[in-house]
Amino acid sequence: MASLAQKLTRITGEIFAAQGLKAEFGVVKVSDRPDLAQFQCNGALAAAKAAGKNPREIASVVAEALKRRRECSKIEIAGPGFININVTDEFLAAHLAGLGENSGVEQNAKGTVVLDYGGPNIAKPMHVGHLRSSIIGDALRRIMKFAGYNALGDVHLGDWGTPMGQIISELELRGRLDKPVTMDELEEIYPAASKACKEEEARAERARAATVKLQDGDPTYTKVWKNFIDVSIAGMKKNFDALGVHFDLWKGESSVHSRIAPMVESLKKKGLAVESEGALVVPVAKSDDKKEMPPLILYKRDGAVLYSTTDMATIVERVEENKPAKIIYVVDQRQNLHFEQVFRAARLSGIAADNMELTFAGFGTMNGTDGKPFKTRAGGVMKLEDLIKMGVEKARARLAEAGLEQNDDIANKVAIAAIKFADLQNNRIADYVFDLDRMTTFEGKTGPYLLYQAVRIKSLLKKAGADEKTAARFVIKDEDRKLALLLTELPDYFAAALRDYAPHVLCDYAFKLAQEFSSFYGSCHIISEPDAALRASRLALCDLTYRQLALVLGLLGIQIPEKM
RNA sequence: GCACCCGUAGCUCAGUGGAUAGAGCGCUGCCCUCCGGAGGCAGAGGCCGCAGGUUCGAAUCCUGCCGGGUGCGCCA
C-alpha cells in the first residue's frame with residue numbers, strides 16, 4: 001500500500017542501488033511537466049555529482065533498466081539527465097484496483113500524541129482568535145489519529161491566571177459572592193474588572209491578592225470560581241459543537257495546580273530554579289544564543305503562578321498520565337518565545353525526555369480585508385458565536401439564490417465548510433485575510449465548492465445504482481487517465497500534511513481532485529456509456545473520487561451533507 | 001536596538017535545489033437538444049522585494065539591504 005510514485009521510487013531506488021549508488025537517488029515524483037511525462041526522477045544529477053560521473057550516463061543506465069520493467073510504458077532522458085517515466089495503463093489500473101478502503105495511506109504510526117489547542121479563557125466569550133487554534137488543532141488531531149497515533153486533543157482552558165482574581169474581586173466588591181452568575185453577567189463583569197485593574201493600581205493589587213488566595217485553595221473563592229467555570233464551559237461547548245471541534249480532554253491550567261509545588265521543589269533542588277528580582281525563575285539562556293532569552297518565571301513577585309508555571313506542570317502531568325511520544329501546541333505564533341522557554345526548561349530539568357517531541361505549531365494572525373487584525377465594523381472584538389451566525393446567514397442566502405435544497409443542517413454544513421476551508425487552506429504560519437464575503441460566494445477554491453462536487457458525485461452514483469460502482473477492473477481511456485493518476489497521489493499528500501503539521505496540503509489535494517473530477521465529468525458521459533466495462537470503470541472512478549473527498553474533508557473536520 | 005516570521009500575477013494564496021513558476025477571484029472569448037453550469041474549455045496577465053554569492057542548475061540555500069508584521073521578565 002503506497003502511492004504510485006512510492007512504488008516507482010522503490011523500483012528506481014533498487015536500480016540505483018544495483019549500480020552501487022544510494023537508493024535515495026531513486027526518488028520518483030509526479031512530473032512538473034505533465035506535457036512530457038507522468039513521473040520524473042531527478043536523482044541521476046545528484047548521483048553524478050556524488051559519484052563523479054556524467055549525469056546522462058547514469059540516467060541512461062537507469063532508463064535502460066526501467067525500460068525492461070513491465071510497469072513502465074515510456075522512458076525518456078531529457079535535458080541534463082532528467083528521467084521521464086510513464087506507466088502502462090495496466091499498471092495504473094491494477095494499482096487502483098488494489099487500493100483499500102483508505103486509498104493506500106500509511107496508518108501504522110504508533111504512540112500517543114497530545115495536541116494542545118482551543119485554549120479558551122474562562123469568563124471571556126470566545127472570539128475569532130480561538131477559531132484558528134480550534135480549527136487547525138482539530139484537523140491535526142484527526143490527521144494524526146488517522147495516521148495511527150493515539151491522538152488526544154486537550155482544550156487547555158485558561159482557568160487559573162490573573163483574570164480569575166479580577167473576577168472574584170469584582171464579585172466581592174459588588175457584594176454578590178454568594179450568588180451564582182450567568183454567562184451574560186460574566187460577559188459584563190470580566191471586562192469591567194479588567195478595565196478597573198488597568199486603571200487603578202490598588203484595584204489591581206486587590207485582584208492579585210484574590211488570585212493568590214484562590215490558588216491557595218480558599219474555600220469560598222473556590223466555590224465561586226467553580227460556579228463561573230461551569231457556566232463558562234457550557235458556553236464554550238456550544239461554540240465547539242457548532243464548529244464540530246472535538247476534545248478528548250477538558251483540562252485546564254487549574255488541573256495541574258497540585259503538581260506545581262512538588263515540581264518547583266524538584267527544580268530548586270536541581271539548582272535550576274533561582275530567585276531573581278523577587279521572582280522565582282529558571283534561566284534558560286544558552287551561551288550561543290543569538291537573541292536575548294529571558295528566564296522562565298515560576299512564581300511572580302506576589303507569589304502567584306502564571307502560564308509559564310502551568311505550562312511546565314502540564315507537561316509533567318501529560319508525561320505521567322499519557323506518556324506521549326509528542327506534544328503539539330497549536331497556538332498563536334506570537335507565543336513562540338514563551339514556548340521556546342518552556343521547552344528549554346522542560347528539557348533542562350528532564351521533565352521532557354529527549355526522545356519526546358515538543359512542537360510549537362504556531363499560526364498567524366487572522367486579519368480583516370484591510371490587512372489589520374479582524375474586528376467588527378464598530379472596531380470591537382467579534383464573538384465567535386456571531387461570526388458563525390453570519391456565516392450561516394450567508395450560506396442560507398446563497399443556497400436560496402442558487403435554488404438549491406436547503407434546511408438548517410445544509411446551511412450549517414455549508415457555513416462551517418466555508419469557514420474551515422478558508423482558514424485551513426492557508427499556510428498555517430502565515431497571517432491570513434478573513435473575508436466572509438469571499439468564502440461564501442461559493443465559487444472557486446472554497447469549502448462549498450467542494451461540498452457541491454461531492455454531493456454531485458453522490459447523486460450520480462445513486463442514479464447509477466449502488467451495486468454498479470465496483471468495477472472488476474479499471475479501463476483507462478484518455479479521458480480517464482488524468483483523474484486516475486491523481487487518485488494514486490493521496491498517500492503522498494497525506495504524508496506531507498502529517499510530517500509538517502500542514503492541513504493546507506490536504507486542502508490542496510481536495511481542491512485538485514474536485515477540479516480534476518469536474519474536468520473528467522465534462523469530457524465524457526458516464527451513465528449513458530454503452531460499453532459496460534468502461535461504464536463500470538468510470539463509476540468506480542467516481543466512487544473512489546467521492547470516497548477520497550469524503551476522507552480528506554473528514555480529516556479537515558468538514559462534513560458533506562446528503563443533499564444540497 | 002536585538003531576534004523571529006512574511007514579501008510570488010491587479011487581489012487572495014500554493015510552490016523550500018531541478019525543465020516553460022501554479023491555483024482561485026477578477027478580466028477576454030467559447031460551451032447548456034448531455035449524468036446537478038456553485039461547472040468545463042481556451043486566453044491575456046509575473047525584474048518570484050532589491051543586490052551580491054554558492055551550484056551544472058536558485059522563488060527555494062548563504063550574506064547584505066529595503067518594505068510589512070510580531071516578540072523581547074512577572075498578561076495569556
Side-chain angles (χ1 to χ4, degrees), chain A residues 31-33 35-36 40 42 45-46 48-49 55 78-82 84 119 121 124 129 158 161-163 194 197 208 253 276-281 289-302 304-311 331-338 340-341 362 364-365 367 369 371-373 398-399 401-404 414 422 425-427 429-433 435 438-439 441-446 448-453 455-461 463-464 504-505 507-508 511-512 514-515 518-529 538 542 563-564:
Chain A
S31 179
D32 297 329
R33 294 286 306 274
D35 53 320
L36 298 180
Q40 63 181 340
N42 299 342
L45 293 121
K49 188 183 274 184
F82 301 115
N84 286 330
N121 296 314
K124 283 205 258 187
T162 311
S194 171
C197 290
R208 278 197 289 270
E253 295 172 338
S276 166
E277 297 175 31
L280 187 72
V281 305
D289 277 337
K290 277 196 290 188
K291 59 189 168 190
E292 216 176 308
M293 182 60 66
L296 185 84
I297 296 172
L298 294 172
Y299 281 121
K300 301 194 288 177
R301 258 196 295 272
D302 61 15
V305 300
L306 67 169
Y307 66 127
S308 35
T309 329
T310 52
D311 279 337
V331 183
D332 192 308
Q333 183 59 29
R334 284 174 290 198
Q335 288 192 43
N336 67 358
L337 178 61
H338 162 69
E340 174 79 36
Q341 292 173 276
T365 312
N367 289 330
T369 44
K372 294 187 195 133
R398 190 65 181 92
L399 284 165
E401 192 184 318
L404 290 175
V414 168
Q425 71 168 299
N426 293 287
N427 185 345
I429 199 105
D431 293 350
Y432 99 102
V433 175
D435 185 343
R438 187 195 288 266
M439 71 180 78
T441 49
F442 306 119
E443 277 158 12
K445 195 171 180 182
T446 65
Y449 165 80
L450 293 171
L451 295 189
Y452 173 75
Q453 295 299 348
V455 170
R456 194 162 69 153
I457 302 171
K458 194 185 269 190
S459 150
L460 186 149
L461 287 168
K463 194 166 281 182
H504 83 272
V505 172
C507 292
D508 231 57
F511 183 64
K512 260 191 181 161
Q515 257 186 330
S518 269
S519 178
F520 165 74
Y521 180 86
S523 69
C524 58
H525 258 254
I526 299 161
I527 292 179
S528 60
E529 170 57 48
R538 287 192 171 150
C542 293
K563 278 186 183 175
M564 63 187 279

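Chain letters run A, B, ... following the sequence lines, proteins first, then strands; residues in each count from 1. Note: hydrogens, waters and symmetry copies are ignored here, and every other heavy atom, side chains too, is used. Nothing here was measured: the structure is a model prediction, and the numbers come from that model.
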If we take the [atom1] atom in both [N] and [M], what is their distance in whole Å?
N	M	atom1	result
B:A9	B:G73	P	37 Å
B:G46	B:G10	C1'	12 Å
B:C25	B:G39	C1'	16 Å
B:G15	B:U60	C1'	9 Å
B:U12	B:C34	P	41 Å
B:A76	B:G26	P	46 Å
B:G64	B:U70	P	24 Å
B:A58	B:C50	C1'	16 Å

Rounded distance (nearest 0.5 Å) linking atom [atom1] of [X] with atom [atom2] of [Y]:
X	Y	atom1	atom2	answer
A:Gln335	A:Gln333	CD	CD	10.0 Å
A:Ile429	A:His504	CD1	NE2	11.5 Å
A:Thr441	A:Tyr449	OG1	OH	13.0 Å
A:Leu460	A:Cys542	CG	SG	5.0 Å

Starting the side chain at C-beta, find the nucleotide from [options] nearest to [X].
X	options	value
A:Asp431	B:G40, B:G69, B:A3	B:G69
A:Leu337	B:C13, B:G71, B:G73	B:G71
A:Lys49	B:A14, B:C56, B:A19	B:C56
A:Asp32	B:G73, B:A76, B:G18	B:G18
A:Arg334	B:G73, B:A14, B:G71	B:G71
A:Ile527	B:C35, B:G36, B:G73	B:C35
A:Pro294	B:C75, B:C72, B:A3	B:C72
A:Val433	B:C72, B:U12, B:A14	B:U12
A:Ser31	B:A76, B:G73, B:A19	B:A19
A:Leu36	B:C35, B:G73, B:A19	B:A19

Using Watson-Crick or G-U wobble geometry with both distances under 3.5 Å, which nucleotide pairs with [N]?
N	answer
B:A42	B:U28
B:G57	none
B:U70	B:A3
B:C65	B:G49
B:U33	none
B:A14	none

Within the structure provided, determine whether A:Tyr521 and A:Ile457 are in side-chain contact (heavy-atom separation under 4.5 Å). no
A side-chain contact here means heavy atoms from C-beta on lying under 4.5 Å apart; do A:Asn367 and A:Lys372 qualify?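 Result no, sub-4.5 Å side-chain heavy-atom pair not found.
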Scan [X] against the nucleic acid and name what it touches under 4.0 Å (heavy atoms): base, sugar-phosphate only, or nothing.
X	answer
A:Asn427	sugar-phosphate
A:Asn336	sugar-phosphate
A:Gly161	sugar-phosphate
A:Arg301	base
A:Pro448	nothing
A:Cys524	base
A:Met293	nothing
A:Ile457	nothing
A:Val455	base
A:Asn84	base
A:His504	sugar-phosphate
A:Leu296	nothing
A:Val331	nothing
A:Leu45	base

Syn or anti: how is B:C32 classified when any glycosidic angle within 90° of 0 counts as syn?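 In terms of base orientation relative to the sugar, B:C32 is syn.
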So, does [X] get its side chain near the phosphate of [N], meaning an N or O under 4.0 Å from OP1 or OP2?
X	N	result
A:Arg456	B:G37	yes
A:Lys463	B:G36	yes
A:Tyr449	B:G40	yes
A:Ser519	B:C41	yes

Taken to the nearest whole Å, NZ/A:Lys291 to P/B:C4 is 7 Å
A:Asn426 CG to B:C6 P: how many Å, rounded?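 Those two atoms, CG and P, are 14 Å apart.
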Any N or O donor-acceptor pair under 3.5 Å from the base of B:A76 to the side chain of A:Glu253? no
Check if the side chain of A:Ser518 and the base of B:G40 share a donor-acceptor pair of N or O atoms closer than 3.5 Å.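 For A:Ser518, whose side chain was compared with the base of B:G40, there is no donor-acceptor pair (under 3.5 Å).
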Partners passing salt bridge (Lys or Arg N to Asp or Glu O under 4.0 Å) against A:Asp431 (at least two apart in sequence or in another chain): none
By salt bridge (Lys or Arg N to Asp or Glu O under 4.0 Å), which residues pair with A:Arg301, not counting sequence neighbours?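 Partners of A:Arg301 by the salt bridge (Lys or Arg N to Asp or Glu O under 4.0 Å) criterion come out as none, since no residue qualifies.
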Check nucleotides 24-30 of chain B for protein N or O atoms closer than 3.5 Å to its own N or O atoms and list the pairs.
unit_1 : atom_1 : unit_2   : atom_2 : d
B:G24  : OP1    : A:Gln515 : NE2    : 2.9
B:G24  : O2'    : A:Lys445 : N      : 3.2

Whichever of A:Ala279 and A:Phe82 has its nearest RNA chain B nucleotide further upstream toward 5':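 Comparing both residues, the 5'-ward one is A:Phe82.
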Both A:Ser276 and A:Gln425 contact RNA chain B. Taking the nearest nucleotide for each, which residue is further toward the 5' end?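 Going by which nucleotide is closer to the 5' end, it is A:Gln425.
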Mark this stacking check for A:Tyr521 against B:G40 as yes or no, applying ring centres under 5.5 Å and ring planes under 30°.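 Given the distance and angle limits, no, they do not stack.
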Is the ring of A:His525 stacked on the base of B:C35, with centres less than 5.5 Å apart and planes under 30° off?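 Here A:His525 meets both the 5.5 Å and the 30° conditions.
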Is a donor on one side and an acceptor on the other found under 3.5 Å between the side chain of A:Thr365 and the backbone of A:Pro373? no
Output yes when a side-chain donor or acceptor of A:Gln341 lies under 3.5 Å from a complementary backbone atom of A:Pro295, and no otherwise. yes
